[in-house]
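To start, the structure under review is shown below, and the notes come after it.
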Amino acid sequence: MVLLRSLILSASVAALAVFSNAAPAPNPNPGSPEAPTDACGALAATNPTELKYKHVVDCYNSIPFDSAQAAITLATVLTIFRDLYVFTDSALARTAPAPFVNAPHDVLGELEKIGRSKYTSDYKFHNDILAAVDGLGDGHAAYGVSCYESYIFAQNLTLYVPVVNGEQASTFLSVRIYNDEAKRGYDDCVVETINDEDALTYLRTYARDKFGQSHDTNARLNFMLASQDYDTASGRFADTPGMFSQRSSVPQGPHLDYRLKCPHLDEAVELREEWKVLPQIETAFSDSASYVKNVCLAPLENDAPPVESGILRRRNEPIHRITKRAESGTTPPPAGPQFPSAEVLLTGNATAFYHLKDRPDTGVLVCYTFMPSDPEAEKDVILAGLNAFHAQNVTNILVDFQGNTGGSIELSAFLVQMLFPNKDPLDAAFPSDMRVSKSILELARLSFNHSDVSYFNAHDFVDFSNGTAVYESNDLFDKPITQTRNGRNSLWTEKTTLKFPPVAAEYMDAVASFPWTAKADNIRILTDGRCVSACGMASYFWTALHNVAAYAIGGTHGEDLSMFSFAGASVLKLEELQGFYKAANMTSPLTDLPYKNSITFSWLEMYGKGRTTPLEYDAELYRPKHRLDFTPENARSREVMWKEVAAAAWK
Ligand SMILES: *[C@@H]1O[C@H](CO)[C@@H](O)[C@H](O)[C@H]1NC(C)=O
Ligand SMILES: *[C@@H]1O[C@H](CO)[C@@H](O)[C@H](O)[C@H]1NC(C)=O
Ligand SMILES: *[C@@H]1O[C@H](CO)[C@@H](O)[C@H](O)[C@H]1NC(C)=O
Ligand SMILES: *[C@@H]1O[C@H](CO)[C@@H](O)[C@H](O)[C@H]1NC(C)=O
Ligand SMILES: *[C@@H]1O[C@H](CO)[C@@H](O)[C@H](O)[C@H]1NC(C)=O
Ligand SMILES: *[C@@H]1O[C@H](CO)[C@@H](O)[C@H](O)[C@H]1NC(C)=O
């Protein structure tokens, strides 16, 4: 149980790169006469503010391919996706019901193809593995090496796709400028083309082919485009550029071409916008060899820990916060309340409670993560927030899940029960199962008698044949069953579920008499699909089991949009798994990677109640009851958006 307490379901623990440091110290001899000839040397010698796309790409391309290292890397990644990852076979499904669009993806086939290919470029080799993993469309499955994620690429223009009132249907779907960092007056200009292609087509193609966080193109679009996210430090909603305009992966070319149509200008505006390059590492290097040694390679066992540290996040790390450090002259947020008539009642480190003053019966519970620094303390914040609503005579609650990064399964199940207390002990628990490979079986056997060794410990799982009691034997792993999926056989555990302690009676007693408790008519969810992992799990329980209606905003006007993304599994990091084997005194079947890396994968899959398709692939459970569009007004003010939803929900 000790380990399970810290179990995380979000991709936000999944690291891509190391971000805890500011921009590197400027080169001590900028403009020194002996210009370096080595590509990484040229990168190192360039002042951070002068960095161009080409500097980074030339350095990356100069890293020599080492076939021995590549063989180790590929073998480890193959083992993960062959023996441990839970969706390897599910991903082969031929049909994807709406709102999903995923084509069958054979991750093993792709990896084996890489193994048969001849490489001269190390960079291309790692990019191909990344593409094989991203093609799964599962935000929990991630491949990243620090070597090729040391710089962020950003555009000065950020984009969104609002519906503008009074326009003809044909112009409904126009891509527009959300923000022009260079302040040239282009905000809300229509983007007619990107790289000479119709702008929306261009973005949707990118969302479909290049972006791997959801099985739904429209949810992907929302991740890619500009939006607002709650910022704990300032207690305000702040603009975020979206993962199209700000990337940690290297763009296709040095610039993007845009054609804009602005209301105040007769002529179309043609722009060629270069990528800004923002360093994310402090590690010193002076040429390709030292780049490999200091940035790429993992330190040897007894070396001092790397300079970079801290919580490493992958896909949901709001990059804007990171790059802020790399840019000078960012203005502090203005003081005073952000909204004229949405009053802040209380804020925590995962939730914030607002009261709509002109709809005094409505409270907004903003829940932007399930991974606060102290989940136990956040439980008290949630109770205090609900009490504050009650003190204001609130009867209707809008839960705003936009941009929720996921996190603790336990906190998510807690929030579910604070609005809908369990009738049966396992109401907020998912039927789940795990792959049983030979090495997992061995690990499980050792874990069984050593409670702190790994997550693969039958004592932490409910034996459905014995009510809500946990396994008293290792049968969960010792007696696996064969499941055939899309023509492939694998060994799986029986259905089980993670055992967590019940929510304390003091909480359940406190919420019992609130006017909204267990009343679906008094509760609504607002989401843009950027509600991942544990957030999707809470959404599933409220919508599918308790009949709460959800409003999903954004995507493409007139099309479906998932309420949440990659909600169907729990995530594990390669490093953690290696730690499990070490704690069990076992030889891991996986060799450590030569490069500093962050590899994550789903190890436990979940099902909706009574469903036979894993939740990750159960598209029907992702569809919201109601759809909304972004407008220039609601995309820039949560208060406006909340009032629209409240007016539609409670007439
Ligand atoms: C982005 O805008 C800033 C501020 O106006 C400007 O200094 C910078 O050159 C622009 N960057 C690019 C790549 O256009
Ligand atoms: C929120 O985080 C701040 C800063 O880390 C901390 O001081 C505070 O105690 C936290 N509050 C809760 C409820 O966890
Ligand atoms: C809530 O309702 C009660 C009873 O009608 C009333 O006395 C009280 O003033 C109301 N509180 C607020 C904050 O409006
Ligand atoms: C755990 O320990 C008990 C008592 O020593 C032993 O009988 C049992 O076989 C062990 N279980 C596993 C799975 O190794
Ligand atoms: C069922 O659970 C109880 C504890 O609640 C335990 O004593 C018993 O051994 C379990 N039975 C089996 C067959 O595991
Ligand atoms: C691993 O070895 C250490 C040191 O010998 C021992 O204390 C520990 O109990 C062992 N762990 C397991 C799971 O056997």
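In listed order, ligands and their atoms are each counted from 1. Computation of the quantities below employed the complete heavy-atom set of this structure, encompassing side-chain atoms and omitting hydrogens, waters and symmetry-equivalent molecules. None of the values given here were measured: they were computed from a predicted structure.
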Find all atoms of ligand 3 within a distance of less than 4.0 Å from any non-hydrogen atom belonging to N393, and give their numbers and elements. 1 (C), 2 (O), 3 (C), 8 (C), 10 (C), 11 (N), 12 (C), 14 (O)

Which of the ligand 2 atoms, numbered from 1, are nearer than 4.0 Å to a heavy atom of A377: 12 (C), 13 (C), 14 (O)

Are any non-hydrogen protein atoms located under 4.0 Å from atom 4 (C) of ligand 2? no

For ligand 2 and N349, I'd like to know whether there is a polar contact (N/O to N/O, distance under 3.5 Å). yes

Of the protein's non-hydrogen atoms, which lies at the shortest distance from atom 13 (C) of ligand 2, and what is that distance? V381 CG2, 3.5 Å

Would a distance-only check, ignoring hydrogens and angles, find a side-chain to backbone donor-acceptor pair under 3.5 Å from R524 to D521? yes

Under-4.0 Å heavy-atom contact between protein and atom 9 (O) of ligand 2: no

For the aromatic rings, using the six-membered ring if either is Trp, is the centroid distance between H355 and F389 under 6.0 Å? no

Do R485's NZ or CZ and the ring of F87 fall within the cation-pi criteria of under 6.0 Å and 45°? no

Sub-6.0 Å ring centroid separation between Y540 and F564: no

Is it true that A391 lies under 4.0 Å from ligand 3, counting heavy atoms only? yes

Sub-4.5 Å side-chain heavy-atom contact between L383 and V511: yes

Nearest to atom 7 (O) of ligand 5, what protein heavy atom do you find, and at what distance? E472 OE2, 4.7 Å

Check for me whether the distance between the ring centres of F580 and W603 falls short of 6.0 Å. no

Given D89 and S490, is the side-chain hydrogen bond (donor to acceptor under 3.5 Å, both in side chains) satisfied, shown in steps? CA-CA 9 Å; D89 300 342; S490 292; 3.0 Å; yes

Could you tell me, atom by atom, which parts of ligand 5 come under 4.0 Å of a heavy atom of N466? 1 (C), 2 (O), 3 (C), 8 (C), 10 (C), 11 (N), 12 (C), 14 (O)

